[in-house]
Amino acid sequence: MNKDQVAQILVEIGTLLELKGENPFKTRAYLNVARTLESLSEPIERIVSENRLGEIKGIGEAIQKKITELVTTGRLEYYEELKASLPEGLLVMLTVPGLGPKKVKALYEKLGITGLDELEMACNEGKVAALDGFGEKTQQKICEGIQFRRTYASRHLLSDALLLAEPILDDLRQHPDVIRCSTAGSLRRFKEIVGDVDFLVSSKNPAEVIEYFTTLPGILSISAKGDTKASVVLEGGIQADLRVVTDAEFPFALAYFTGSKEHNIVMRQRAIQRGLRLNEYGLFKSDAETRDPALLVTCQTEEELFSRLDLAYVPPELREDQGEFLAAEQNDLPRLLEWTELKGSLHNHSNWSDGRNSLEEIATQMRELGCAYWAITDHSKSSFQANGLQPERLLQQLQEIASLNQRLADEEIDFRLLTGTEVDILNEGRLDFDDELLQKLDVVVASIHQGFTQSEAETTKRLIRAAENPFVHMLGHLTGRLLLEREPYKVNQHAVIDACAETGTWIELNGSPLRLDMDWRLWHYAKEKGVKCVVNCDAHRFEHAGYLRLGAGMARKGWLTKTDVVNTQSLDSLRLALQKKRGLRRS
DNA sequence: GCCGTTTTCGGCCCGACTGTTTTCAGTCG
């Protein structure tokens, strides 16, 4: 049982305890540990076998025993008994907006409701409104919540959320009553999946701004509207929250609403250690509950707030309580990659396989975008579904690219297409093209496109064997995940990273919004091992060049700098780097 | 259930909004 599975069970235990009406701090203890585990960069089996669980903050004796039982036996008696003691449907009921553990408990105990269908029926019969603590409006909201849940998912791709949020942010920025504004929350932290979109505005006239926000085009419904806060549902069912504060409060509120929760807790603790009190309204020279402006430690910006707590400015992407405090204290935060530092993508497709555009179109577009190079890495022959290239066609493509590049050289244009392939990693780690052909290519990306159901050991071995091939430059989309659509295939990513470190193989950070793979949580480890990253678009049409920005955002989240990322190099030094693994050093 | 320059008990982040209540509980972020 891996850490994600363990974490999921701990979350469920916490939730079940809440439904039972247990001490809320006890339930929170389980949820806290679950979150800690999710962000663990080390396999949990190793920690358990080396008896180091107790060293992790938040894990005491009781939870330590439970995790050990889960990891070593694959099950947990305590959990199974707890689960059997309550109907399964109660957990589903909790996902209805507006329903928390207390209300679900009441519905179960007073009306015997154990699932969504029963709940909807009880609402329609007016039984819910008659309960103590419930009423007509609550009943109505529950009905709408069930409907909403059926229609929309509550998790969204970062790219979808950005597309909706950025125009709204522009609109807000232009409103005369808006002094400063920003996105906040997981969107600002660049999480690959977001639940909602948060906006923060400073203004002297909150009512105007709230009114403006709730009447913007593209808003499906208004869920809440108060003096300083509003919630709406955007197209696609994404919820958006707006908070309006005074301009003096803005930096504090921005930090607060950007989170993460874990990051905020440490910030607050640092304030307390300095005899201060931090909340969304300010940093106060008092431990009493107050918003007295006389006690406010004035900060114009987030930078100043961090500095008051003896920290260097922590970019939003790093605010996950993943070591940023230690680094910020020592002024040792990396200067993170900027997406404009990327000079091109090394994994892309053309209409020779399953892409849309011709080589010529791609060259023109990418040159105009300001790229220095763009690799064409169409699929190899086994990827029938993607119109993979037979060796003869690939050789033909090399000639076409050579003549295209010749024309660019003649016109003294500083842009080149690079030749390449995204070669399939077949079963047992053999590659779909032989070494002789691979050797002729500028760039070789090796990826898995088949055999997703193999065991973790088999898949790991396949990837390691591919990394060991001297003609392979990088491994593509390491886990094959499609966010919100397909689970990653089982692979020991740490073992693959170790193999890449030994062989000098790079790992791709695939910028496609559905992939964003390898996951940002693993780059810290890869970087420590000295493995280089390549931020790629996996473009199938030239609009996908925008994925460079998404990929770069994930690289930032993984603490990567310009020097950690191969495709920040100029064409000349990239060529040298590409040849280095092969030990060929052509001129 | 966890934790400790408040250390083995008594805290645990905290404020806005909603709907229910007639002063507050539940939910959410």
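Remember, predicted model here, so these are calculated numbers, not experimental data. In what follows, chains are A, B, ... by sequence order, proteins preceding strands, each numbered from 1.
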Sugar-phosphate only, base, or nothing, as touched by [X] at under 4.0 Å among non-hydrogen atoms:
| X | value |
| --- | --- |
| A/K65 | nothing |
| A/P101 | sugar-phosphate |
| A/N32 | nothing |
| A/I63 | sugar-phosphate |
| A/T228 | sugar-phosphate |
| A/Q269 | nothing |
| A/E61 | sugar-phosphate |

Would you jot down, in residue-number order, the residues of residues 115-136 of chain A having a non-hydrogen atom under 4.0 Å from DNA chain B?
A/G133, A/F134, A/G135, A/E136
Is any side-chain nitrogen or oxygen of A/K229 closer than 4.0 Å to OP1 or OP2 of B/dG15?
no
Are OP1 or OP2 of B/dT20 and a side-chain N or O of A/T138 less than 4.0 angstrom apart?
yes
Can you name the side-chain hydrogen bond (donor to acceptor under 3.5 Å, both in side chains) partners of A/T95, sequence neighbours left out?
A/R149
Using side-chain hydrogen bond (donor to acceptor under 3.5 Å, both in side chains) as the criterion, list what pairs up with A/D196, not counting sequence neighbours.
none
Spacing of the [atom1] atoms in [M] and [N] (rounded, Å):
| N | M | atom1 | answer |
| --- | --- | --- | --- |
| B/dC12 | B/dT6 | P | 14 Å |
| B/dC17 | B/dC13 | P | 22 Å |
| B/dG26 | B/dT20 | P | 14 Å |
| B/dA16 | B/dG10 | C1' | 28 Å |
| B/dG1 | B/dT8 | C1' | 14 Å |
| B/dC9 | B/dG15 | C1' | 28 Å |

[X] side chain: which of [options] is closest?
| X | options | value |
| --- | --- | --- |
| A/A224 | B/dG26, B/dC14, B/dT18 | B/dT18 |
| A/R277 | B/dT18, B/dG15, B/dC13 | B/dG15 |
| A/R28 | B/dT20, B/dC13, B/dG15 | B/dC13 |
| A/D198 | B/dG1, B/dC14, B/dG29 | B/dG29 |
| A/Y281 | B/dA16, B/dT27, B/dC2 | B/dA16 |
| A/D196 | B/dG1, B/dG29, B/dG19 | B/dG29 |
| A/Y256 | B/dG29, B/dG1, B/dT18 | B/dG29 |
| A/N279 | B/dG15, B/dG1, B/dG19 | B/dG15 |
| A/A62 | B/dG26, B/dG1, B/dC17 | B/dG1 |

For atom [atom1] of [X] and atom [atom2] of [N], their distance in whole Å:
| X | N | atom1 | atom2 | result |
| --- | --- | --- | --- | --- |
| A/L242 | B/dC17 | CG | P | 11 Å |
| A/K57 | B/dC12 | NZ | C1' | 11 Å |
| A/K105 | B/dT27 | NZ | C1' | 16 Å |
| A/Q239 | B/dC28 | CD | C1' | 9 Å |
| A/D227 | B/dT18 | CG | C1' | 13 Å |
| A/L99 | B/dG26 | CG | P | 13 Å |
| A/K137 | B/dT20 | NZ | P | 8 Å |
| A/N264 | B/dG15 | CG | P | 13 Å |

Taking N and O atoms by type only, does the side chain of A/D241 place a donor or acceptor under 3.5 Å from a partner on the base of B/dG29?
no
Ranking A/I272 and A/I265 by the position along DNA chain B of their nearest nucleotide, the one closer to 5' is A/I272
Of A/K66 and A/G98, the one whose nearest nucleotide on DNA chain B sits closer to the 5' end is A/K66
Exercise: do A/S231 and A/K225 side chains pair donor with acceptor under 3.5 Å:
no
With both distances kept under 3.5 Å, what pairs with B/dT8, Watson-Crick or G-U wobble?
none
Could A/R521 and A/E192 be called an ion pair, given the rule that one side-chain N must be under 4.0 Å from one carboxylate O?
yes
Salt bridge A/E88-A/K83, side-chain N to carboxylate O under 4.0 Å
no
Does anything in residues 55-76 of chain A form a salt bridge (Lys or Arg N to Asp or Glu O under 4.0 Å)? List the pairs, not counting sequence neighbours.
A/R75-A/E80
Only pairs at least two apart or in different chains count here, so list each salt bridge (Lys or Arg N to Asp or Glu O under 4.0 Å) that has a residue in residues 326-339 of chain A.
A/R270-A/E329, A/R335-A/E341, A/E338-A/R556
Under the side-chain contact (heavy atoms from CB on, under 4.5 Å) test, which residues partner A/K204, sequence neighbours left out?
A/I179
Return the orientation label for the A/H524 and A/W559 ring planes: parallel under 30°, perpendicular over 60°, tilted otherwise.
tilted
Report yes if the distance between the aromatic ring centroids of A/H263 and A/F325 is under 6.0 Å, otherwise no.
yes
